[in-house]
Amino acid sequence: MDDKMIECRNVVYKYEDTVGNTFKLAVDNVSIEVKKGEFVVILGRNGSGKSTIAKHMNALLLPSEGEVFINGINTSIPENVWDIRKSAGMVFQNPDNQIVATIVEEDVAFGPENLGIDPDEIRKRVNDSLKRVNMYDYRKHAPHLLSGGQKQRVAIAGVLAMMPKCIIFDEPTAMLDPSGRKEVVKTIKDLNKNYGITIVLITHYMEEAVEADRIVVMDSGKIISQGSPKEIFSDVKTMKNIGLDVPQVTELAYELQKEGFKLNSDILTIDEMVNALCQLK
Ligand code: ADP
Ligand code: MG
């Protein structure tokens with residue numbers, strides 16, 4: 001059995017300027033595999049090609065060269081688009097751009113209605129999806145009156161109602177306050193751990209990346225490294241060189257190390273830092 005949920009094979013993507021007849025090479029020979037049930041984070045500074053590769057994962061963009069398979073289905077074949085969109089949902093940065101209805105439950109029903117699913121099944125999916133993101137009590141509310149974190153969870157429920165196998169999140173917490181960020185990250189983790197949904201998360205927040213099974217680092221349209229959070233963040237120098245941060249405790253460990261403290265370089269959490277410091281006593 002094939003255990004790959006997402007496979008990008010040597011993907012090249014060029015944005016075309018039809019007027020000036022010029023090209024912008026946004027993704028340059030990227031290969032990414034995401035296994036079923038995996039939680040992968042993509043990191044990279046602005047303009048490194050993260051959103052462009054993410055849009056290939058539900059056929060919003062088709063590769064200029066190379067191929068993308070979602071659950072074994074080739075995105076470049078036009079007849080496959082609906083199957084792809086059902087398998088792979090996408091959540092974007094701005095919740096206001098993703099909400100279409102004036103009542104929460106109607107918004108969540110919008111996707112399955114477009115799929116022509118029967119009303120009883122839609123009702124069930126809407127309720128289940130809202131419960132999973134902990135927004136069921138708000139089902140009769142007006143989305144525009146909700147907080148950013150709540151709106152984003154409604155947007156996630158809308159995607160869940162399509163019963164996708166994987167969800168691609170493109171900086172879903174970038175516009176949220178810290179408490180909204182926490183709510184949304186908790187929801188994403190829960191969908192992965194308890195419902196087996198494959199997750200690709202693009203984020204600027206290193207504390208969110210620490211939660212991943214694997215991190216893929218992009219720079220100038222290319223993948224420059226990938227590995228576990230410990231592998232990626234312990235290389236503080238490389239991360240800093242390409243203009244990325246590491247979690248604050250990792251940086252603290254790095255600075256203390258430079259001052260001669262005998263600490264591991266793969267400290268990612270406060271607990272690990274406390275343990276490491278206790279051992280120095
Ligand atoms: P990221 O999400 O990592 O910030 P993007 O994938 O959005 O990066 O962009 C990658 C590169 O492609 C950038 O140089 C960006 O300016 C360019 N780009 C993005 N969207 C377009 C577009 N619609 N037309 C032309 N160039 C684009
Ligand atoms: Mg982006």
Side-chain angles (χ1 to χ4, degrees), residues 6-34 39-68 70 75-76 81 84-85 88-98 148-149 151-152 155-156 159 166-176 180-181 184-185 188 198-212 214-227 229 232-233 238-246:
I6 298 171
E7 190 182 5
C8 300
R9 273 191 212 155
N10 306 104
V11 172
V12 173
Y13 190 81
K14 297 171 186 152
Y15 287 102
E16 264 178 75
D17 173 356
T18 45
V19 181
N21 215 5
T22 55
F23 297 98
K24 167 73 201 176
L25 182 60
V27 167
D28 185 4
N29 197 24
V30 163
S31 297
I32 297 179
E33 279 185 17
V34 180
F39 182 169
V40 171
V41 159
I42 303 179
L43 295 178
R45 64 179 154 194
N46 279 339
S48 58
K50 306 180 299 297
S51 294
T52 304
I53 195 70
K55 285 177 186 154
H56 281 78
M57 296 177 181
N58 80 339
L60 282 177
L61 292 177
L62 299 176
S64 312
E65 290 168 36
E67 286 168 315
V68 177
I70 303 302
T75 62
S76 291
V81 169
I84 306 273
R85 299 268 164 85
M90 199 152 173
V91 174
F92 298 93
Q93 200 174 90
N94 190 344
D96 290 324
N97 294 344
Q98 302 173 77
K151 280 186 214 170
Q152 199 59 303
I156 295 171
V159 171
C166 70
I167 306 180
I168 297 105
F169 292 89
D170 191 355
E171 302 196 31
T173 61
M175 302 183 75
L176 307 181
R181 270 195 340 245
V184 168
V185 170
I188 295 172
T198 307
I199 304 286
V200 174
L201 170 65
I202 298 172
T203 183
H204 270 120
Y205 295 102
M206 300 306 142
E207 279 68 21
E208 296 175 7
V210 166
E211 311 282 349
R214 189 155 54 91
I215 294 176
V216 173
V217 185
M218 289 187 69
D219 195 43
S220 307
K222 294 189 172 71
I223 293 179
I224 58 156
S225 61
Q226 51 182 314
I232 295 298
F233 289 130
T238 301
M239 293 298 273
K240 289 203 170 289
N241 276 343
I242 59 163
L244 288 178
D245 278 326
V246 298

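Since this is a predicted model, take the numbers as computed values, not measurements. Every number for a ligand or one of its atoms is a count from 1 in the order of the listing.
Proximity of a side-chain donor or acceptor of Gln98 to a complementary backbone N or O of Val91 within less than 3.5 Å is not detected. Not one N or O on the side chain of Gln226 forms a donor-acceptor pair closer than 3.5 Å with the backbone of Arg214. Looking only at distances, a side-chain donor or acceptor of Arg85 sits under 3.5 Å from a matching main-chain atom of Asn58. Checked by atom type and distance alone, the side chain of Thr203 never pairs as donor or acceptor with a backbone atom of Glu208 at under 3.5 Å. Although no hydrogens or angles enter the test, the distance criterion places a donor-acceptor pair under 3.5 Å between the side chain of Gln152 and the main chain of Phe92. The main-chain N or O of Ile42 is never found under 3.5 Å from a side-chain atom of Lys50 such that the two would form a donor-acceptor pair.
The OG atom of Ser48 lies 7.5 Å from the CG atom of Leu244; values are rounded to the nearest 0.5 Å. Note that CE of Met239 and OG of Ser225 are 7.0 Å apart. Values are rounded to the nearest 0.5 Å.
Contact shell of ligand 1 (protein heavy atoms, cutoff 4.0 Å): Tyr15, Lys24, Ala26, Arg45, Asn46, Gly47, Ser48, Gly49, Lys50, Ser51, Thr52.
Listed by chain and number, Ser51 OG are the protein N/O/S atoms closer than 2.8 Å to the Mg ion (ligand 2), with waters left out.
A salt bridge is absent between Lys24 and Asp17: the closest approach of a Lys/Arg side-chain nitrogen to an acidic carboxylate oxygen does not fall below 4.0 angstrom.
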